[in-house]
There are 2 protein chains.
Amino acid sequence: MGRHREFDPDEALHIALQVFRRRGYEGTSISDLTEAMGITRPSLYAAFGNKEDLFRRTLDLYERQHLCFAHEALQAPTARTAVERLLRGYVDVLTDPMSPPGCLGVNGAVACSEASESIREELIARRMVNENNLRDRLEKARSDGDFPSDEDPADWARYVVSVGLGMAVRAASGTSREELQRVVDVAMRSWPTAPR
Amino acid sequence: MGRHREFDPDEALHIALQVFRRRGYEGTSISDLTEAMGITRPSLYAAFGNKEDLFRRTLDLYERQHLCFAHEALQAPTARTAVERLLRGYVDVLTDPMSPPGCLGVNGAVACSEASESIREELIARRMVNENNLRDRLEKARSDGDFPSDEDPADWARYVVSVGLGMAVRAASGTSREELQRVVDVAMRSWPTAPR
DNA sequence: TGATTATTTTACTGATTGGTATCTTATGTA
DNA sequence: TACATAAGATACCAATCAGTAAAATAATCA
């Protein structure tokens, strides 16, 4: 019972995602959010808790909606195609014409004031999950004979994620989709051939 | 004539560099700066103008003091060694134990509020200068027969800078010097062999 | 209809932001 | 010593920050 909400929380969350992705966590003010969402401050706080809670919920939405391709990419038949799909799919996300360029997980907070350290750490932790998933995939590939036994999956996962992070910074700086795809072209040239 | 300054502006600038490098442009408040520098607000404004002016001066200092290795690296005999020195030297800067991890040019501002857009753009422009310098070096290498004629120097410069940016984000996230050197190891494996 | 409950609206809080006006103190020059 | 000048100290500015108290409104349930 009680009065009904006059806005769609899910729609509002999508808008928050756009704003946070463009301005980062600290660069976004509550006023930026309420203005874009078309709701008042108390409505925002009632629906989403506080700024930190809202940001974490946009992170969940972002991973669910934009980074979901990564899970499928990792299931590609070979490690090489998995990594290539990972990087090319990420480029598409970074330069999605419907969203601000760049990645919420990077734009969110690279450096910030002490007050937002917990957000920064959350982002670091979430990135590490992705890197570990990739490392696990490469370890499996090594067992399958699809990845050289004298190469370290952790080293390659770290490299691939680093290239991704670099492209994320560049996308936010205006580098085009085509240019980023050429970064992937070059990055993939180092990929090791399977052992014979 | 008049009263003498009781603080060393150069020393104060070095302290500002440390603070900005750790917290970024927007994550650093004037109070953070004056507290770390041990001076009062009016002294800061009298000596350095405003926050933006101060930040640009710390950028100049940073490039002069920490990124100066890049100029020498580019003068290495071959393109390959130039790039490797570039990347390894950058790793050393990113993980300098005397400074906060990461790069001022990246930590400074990846995403920010509208009020700081000009700073963000300044950082993008300065990064582009470095990339263009590297591209020019690779073009020279191609003329010298030190780089394949069927490879695009711009593509490779973009790739190398992307790897650097990715490592910068990772350094700020706590990735160790040793792990970043292994990223360089892998990144260099894609380097093209000189034409015969 | 009347009571209850949840939401919207309006106005506000204390803290912090970047930036300054003003007064005092210290210095070199006449 | 008197004056001019520049720096430090104190206290302040308006604007903005994240967050909320309280009243008004709209819905369901009895």
Side-chain angles (χ1 to χ4, degrees), chain A residues 1-13 15-17 19-20 22-59 108-109 111-122, chain B residues 1-13 15-17 19-20 22-59 108-109 111-122:
Chain A
M1 63 186 79
R3 184 171 175 174
H4 297 321
R5 253 204 202 94
E6 293 181 358
F7 68 96
D8 178 359
D10 190 62
E11 189 183 333
L13 200 62
I15 296 173
L17 168 56
V19 180
F20 275 130
R22 169 113 184 260
R23 301 287 180 198
Y25 177 71
E26 285 199 325
T28 300
S29 72
I30 302 292
S31 297
D32 291 336
L33 292 165
T34 56
E35 197 175 328
M37 292 170 165
I39 65 177
T40 62
R41 298 166 88 76
S43 295
L44 184 148
Y45 280 91
F48 302 107
N50 60 15
K51 190 184 178 184
E52 237 185 89
D53 294 336
L54 173 58
F55 183 75
R56 281 181 222 272
R57 290 187 59 173
T58 66
L59 266 181
C112 61
S113 77
E114 206 174 355
S116 307
E117 276 292 312
S118 69
I119 292 294
R120 205 184 117 249
E121 285 164 16
E122 164 103 32
Chain B
M1 62 187 78
R3 184 172 174 174
H4 297 320
R5 250 203 207 97
E6 293 181 358
F7 68 97
D8 178 358
D10 190 61
E11 189 183 335
L13 201 62
I15 295 174
L17 168 55
V19 179
F20 276 130
R22 169 113 184 260
R23 300 288 180 198
Y25 178 70
E26 285 199 326
T28 300
S29 71
I30 303 291
S31 298
D32 290 337
L33 292 165
T34 55
E35 197 175 330
M37 292 169 164
I39 64 177
T40 62
R41 296 165 89 75
S43 295
L44 184 147
Y45 279 90
F48 302 108
N50 61 13
K51 189 184 178 184
E52 239 186 86
D53 294 335
L54 173 58
F55 183 74
R56 282 180 222 272
R57 291 188 57 172
T58 66
L59 266 181
C112 61
S113 79
E114 207 174 353
S116 307
E117 276 292 313
S118 68
I119 292 294
R120 205 185 116 250
E121 285 163 16
E122 164 103 32

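Quick note on labels: first sequence line is chain A, next is B, and so on, each numbered from 1.
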(request) Applying ring-ring contact (aromatic ring centres under 6.0 Å, His included), name anything that partners Phe20(A), two or more places apart in sequence or on another chain. (result) Phe55(A)
(message) Under the rule for side chain to side chain donor-acceptor pair (under 3.5 Å), what residues qualify as partners of Arg120(B), not counting sequence neighbours?
(response) Glu117(B)
(message) Taking side-chain contact (heavy atoms from CB on, under 4.5 Å) as the definition, give me every residue that meets it alongside Ala46(B), ordered by chain and number, with sequence neighbours left out.
(response) none
(message) With a strict under 4.0 Å distance from non-hydrogen atoms of chain A, what nucleotide opens and what nucleotide closes the contacted stretch of DNA chain C, reading 5' to 3'?
(response) dT5(C) to dT10(C)
(request) Mind checking side-chain contact (heavy atoms from CB on, under 4.5 Å) for Thr34(B) and listing every partner two or more places apart, or none if nothing turns up? (result) Ile30(B), Arg41(B), Leu44(B)
(message) Taking side chain to side chain donor-acceptor pair (under 3.5 Å) as the definition, give me every residue that meets it alongside Glu52(B), ordered by chain and number, with sequence neighbours left out.
(response) Arg56(B), Ser118(B)
(message) Could you work out, with side chain to side chain donor-acceptor pair (under 3.5 Å) as the rule, every residue matching Ser29(A), not counting sequence neighbours?
(response) Asp32(A)
(request) Kindly state which residues belonging to residues 36-46 of chain B come within less than 4.0 angstrom of DNA chain D, counting heavy atoms of the residue only, listed by number. (result) Thr40(B), Pro42(B), Ser43(B)
(request) Could you pull out all residues at least two apart from Arg57(A) that satisfy side-chain contact (heavy atoms from CB on, under 4.5 Å)? (result) Leu13(A), Phe48(A)
Check the interface with nucleotides 28-30 of chain D: list each N/O to N/O pair with the protein under 3.5 Å, or write none.
residue : atom : partner : partner atom : Å
dT28(D) : OP1  : His4(A) : NE2          : 3.4

(request) Please list, chain by chain and in numerical order, all residues satisfying side chain to side chain donor-acceptor pair (under 3.5 Å) with Glu11(A), sequence neighbours excluded. (result) none
(message) If I take atom CD1 in residue Ile30(B) and atom C1' in nucleotide dC13(D), what distance separates them, rounded to the nearest angstrom?
(response) 15 Å
(request) Would you mind reading off the distance between Arg3(A) atom CZ and dA26(D) atom C1', rounded to a whole angstrom? (result) 5 Å
(message) Let's see if you get this right: which residues in residues 47-58 of chain B place a heavy atom under 4.0 Å from DNA chain D?
(response) none
